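We use all heavy atoms of the structure for the numbers below, so side chains are in, but hydrogens, waters and symmetry mates are not. All values derive from a computational prediction rather than experimental measurement. We count ligands from 1, going down the list as the structure has it; atoms in each ligand are counted the same way.
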Amino acid sequence: MKACLLESPASVEENPLRFTEVAAPEPGLGEVLVRVHACGVCRTDLHVVEGELPPRKSPVIPGHQVVGAVKRCGAQAARFSPGVRVGIAWLQSTDGVCEYCRSGRENLCADAAFTGYTVDGGYAEYVVAPETFVYPIPDGFSDMAAAPLLCAGIIGFRSLRVSGVEPGGALGLYGFGAAAHVAIQVARHRGVRVYAITRDQRHRDLALELGAVWAGSGSDEPPEKLDSAIIFAPAGELVVAALRVLKKGGTVALGGIYMSPIPQFDYSLLYGERVIRSVTNNTRRDGEDFLKIAAEIPIHTRVQEFPLPEANAALNALKHDAVRGAAVLRVSHG
Ligand SMILES: [Zn+2]
Ligand SMILES: [Zn+2]
């Protein structure tokens with residue numbers, strides 16, 4: 001099969017992904033083989049490709065927002081019939097037995113596998129995954145529109161949960177990429193006032209188009225104190241910026257897997273029972289709840305399409321804030 005392979009991490013400007021021919025995977029016990037139609041490009045892929053996340057498998061095929069059709073089922077896999085459209089997300093498997101898995105917090109499992117990082121992902125024509133970690137995709141979404149729901153969407157949704165923002169509340173979104181462009185639609189649906197803070201003018205324009213009441217750049221302060229904030233940009237100084245405009249009792253949720261160091265700040269910014277809380281992976285429950293709500297609202301993703309061999313170009317565009325909404329690789333036509 002054709003795939004984009006990462007042999008050793010490097011700056012994306014050096015185009016480290018190699019478009020090449022590799023052996024297609026075989027579905028093992030309890031697994032499905034999925035023919036990939038589309039795969040979203042996430043900031044986490046950038047951190048894998050550039051090595052901010054230390055390599056766990058090498059070489060590796062990145063990509064963890066996979067939409068495709070079940071091609072074949074492995075032994076004892078009976079949940080899906082061949083041809084059914086499914087999605088594969090970041091959390092590829094867990095041990096199912098640790099204290100986190102047993103308490104509804106499988107996102108924190110110490111023995112989890114991650115698609116496109118510890119196991120091969122969707123920048124390829126085929127991928128395998130355990131059937132119990134695969135999501136049915138609601139009918140209303142095209143393959144391309146559905147791909148960003150699988151990480152940007154689910155993580156944006158979990159970030160909203162963690163932020164604790166209530167209907168009628170004021171929410172700051174710091175960074176306005178793929179996750180924020182979905183999260184704002186869920187927040188607006190719940191009657192939340194959204195303030196977008198992002199360095200790129202095109203991203204501020206998109207935020208306003210999607211219903212933000214205000215959009216500013218990093219140095220601007222929202223005109224209203226915030227009940228909650230979500231930091232999607234991987235810049236530690238934004239945590240302090242958000243604390244400065246956060247009401248007492250408010251939460252700053254950190255939606256990324258990687259962030260530059262958070263600068264030192266005075267305790268007075270945190271005092272008043274303000275909370276800083278990271279968002280780590282997601283549970284299957286988050287994914288199922290989100291896909292249901294996404295279909296109900298319905299969420300409209302803005303997608304910029306790249307062909308599979310152009311994965312390096314997609315990552316470069318993402319790194320340089322040149323993607324409006326979400327970048328998605330078109331792998332095949334379903
Ligand atoms: Zn576990
Ligand atoms: Zn992701």
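Its N, O or S atom nearest to the Zn ion (ligand 2) is what matters here, and for H64 that atom is NE2.
Across all non-hydrogen atoms, the minimal contact from A113 to V119 is CB-CG1, 4.3 Å.
One finds no salt bridge joining K292 and E288 here, because no Lys/Arg side-chain nitrogen approaches an Asp/Glu carboxylate oxygen to under 4.0 Å.
Within the protein, the N, O or S atoms lying under 2.8 Å from the Zn ion (ligand 1) are D95 OD1, C98 SG, C101 SG, C109 SG.
Residues I137 and L149 have side chains not in contact (no heavy-atom distance under 4.5 Å, counting atoms from C-beta outward).
Taking the six-membered ring where the residue is Trp, Y258 and H47 present tilted rings, their angle falling between 30° and 60°.
Atom CG of D120 sits about 10.5 Å away from atom CG of L6, to the nearest 0.5 Å.
The backbone N or O of T280 sits less than 3.5 Å from a side-chain atom of N107, completing a donor-acceptor pair.
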